[in-house]
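One structure is given here, and the rest of the page talks about it.
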Amino acid sequence: MVIILERNATELQIENIVKHLEGFGFQIHRSTGTERTIIGAIGVKPNFDTRNISILDGVDEVYRVTTPYKLAGRSFQEHDTIIKIKDVELGGNKIAMIAGPCSVESEDQIFRLAKVVAKSGAKFLRGGAFKPRTSPYSFQGLGEEGLKLMRAAADENKLLVVTEVMQIEQIELIDRYTDVFQLGARNMQNFSLLKELGKVTKPVMVKRGIAATIEEWLMSAEYILSGGNKNVFFCERGIRTFENYTRNTFDLSAIPVVHKKSHLPVIADPSHATGLRDQVPPMARAAVAAGADGIMIEIHDDPENAFSDGPQALLPETYLNLMEELRLIAIAIGRTL
Ligand code: PEP
Ligand code: MN
């Protein structure tokens, strides 16, 4: 249920409304906008009479939310969420660029690539220290050593760190090094992990599951939001279809759909979506044109010997050229990058 308060509702009235809602057993989430405050009352009460609330002082409108995602939906918050990560914003007019290797491989590698990322003007360095691999015999990541190297490379180049968390037990360790938690596609419906990520304060990037509908994807964010962490954004990374000329099928339309249904930012990952280097720039350009709030690109300066995802990694020069093209597209649609 969403309760829209009157423009001039006082703190005392709001407290009273909250007290009533809690008395009825609802869990309360407050969204304070520039013009009005909205209260989200979460709880399954099929026969609840909304008039119990609409008669209270300070209440303008009360209505039931029929979508299963309550806090992630536009009805709870009309304006776009802008996530602040240190001095960088994600979800506003400026499109966020995240780039880096698939995996952190060595000190040299991550420092070399961090320099390329900084040169491009991107603000985020990506890289996996814990890797979800299809084969148990494939490189699994450097673990804490990888996190340390990434933090150092990012700091030296004034970048923020985005890295994947695969298990609840890794949250505390990764929290010491990262600025953004990446929730990988394979873990999008790991509900116990989602619940724990609801307790952290740092932003969580929720990648779309390999076979997830947009609604299921929104529900994963709902888990994190309902746990109290409001800093959530989405990453479209392609879904499994019958097509095999691409690694996955990039669902470009997911970007406007998420923007319509949710106030949370959505970025695109054309690297995992296509899996092949030559398809990455066209899809990155399309994603910016479609309104993505950020782009995540995998890069490598020796892709043939990369420990993971070499075929989709852009060479530094290709990546730097792409950045210039993306900037022009951003300007054409009234944004910056
Ligand atoms: C990644 O970003 O390196 C990754 C493993 O992505 P996904 O979870 O989308 O496969
Ligand atoms: Mn990868």
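When a ligand or atom number is given, it counts from 1 through the structure's own listing order.
The distance from ligand 1 to the heavy atoms of G184 drops below 4.0 Å at these ligand atoms: 8 (O). Here is the list of ligand 1 atoms found below 4.0 Å of a heavy atom in E298: 3 (O). Ligand 1 places these atoms under 4.0 Å from at least one heavy atom of R186: 7 (P), 8 (O), 10 (O). Taking every non-hydrogen atom of R237 and a distance limit under 4.0 Å, the qualifying atoms of ligand 1 come out as 7 (P), 9 (O), 10 (O).
Salt-bridge formation is detected for the pair D251/R208: a Lys NZ or Arg NE/NH1/NH2 atom is positioned less than 4.0 Å from an Asp or Glu carboxylate oxygen. In summary, K131 and E164 do not engage in a salt bridge, as defined by a charged side-chain N under 4.0 Å from a carboxylate O. A salt bridge links E298 and R126; the closest N-O separation between the charged side-chain nitrogens and carboxylate oxygens is under 4.0 Å. Salt-bridge annotation for K199 and E196: present, with a side-chain N of the basic residue lying under 4.0 Å from a carboxylate O of the acidic one. Salt bridge D179/K202: absent, no basic N to carboxylate O contact under 4.0 Å. Taking a cutoff of 4.0 Å between a charged side-chain nitrogen and a carboxylate oxygen, D293 and K94 do not qualify as a salt bridge. Ion pair R277/D309 not flagged as a salt bridge, since none of the NZ, NE, NH1 or NH2 atoms sits closer than 4.0 Å to an Asp/Glu carboxylate oxygen. Using a cutoff of 4.0 Å between basic side-chain nitrogens and carboxylate oxygens, E15 and R30 are not scored as salt-bridged.
Cation-pi geometry between K261 and Y69 is not met at under 6.0 angstrom from the ring centre and within 45 degrees of the axis.
Around the Mn ion (ligand 2), the protein contributes the following N, O or S atoms under 2.8 Å, ordered by chain and number: C102 SG, H272 NE2, E298 OE2, D309 OD2.
Remark: distances from the non-hydrogen atoms of E164 to ligand 1 include one below 4.0 Å.
For E243, the side chain to side chain contact (heavy atoms under 4.5 Å, CB included) partners at least two apart in sequence or on another chain are T241, Y245, T246, T249.
The protein heavy atom nearest to atom 8 (O) of ligand 1 is A185 N, 2.8 Å. Atom 6 (O) of ligand 1 has as its closest protein heavy atom K207 NZ, 2.9 Å.
In terms of polar-atom proximity, H272 is counted as a contact of ligand 1, with an N or O under 3.5 Å from an N or O of the ligand. Note: no N/O pair closer than 3.5 Å links D309 and ligand 1 by distance alone.
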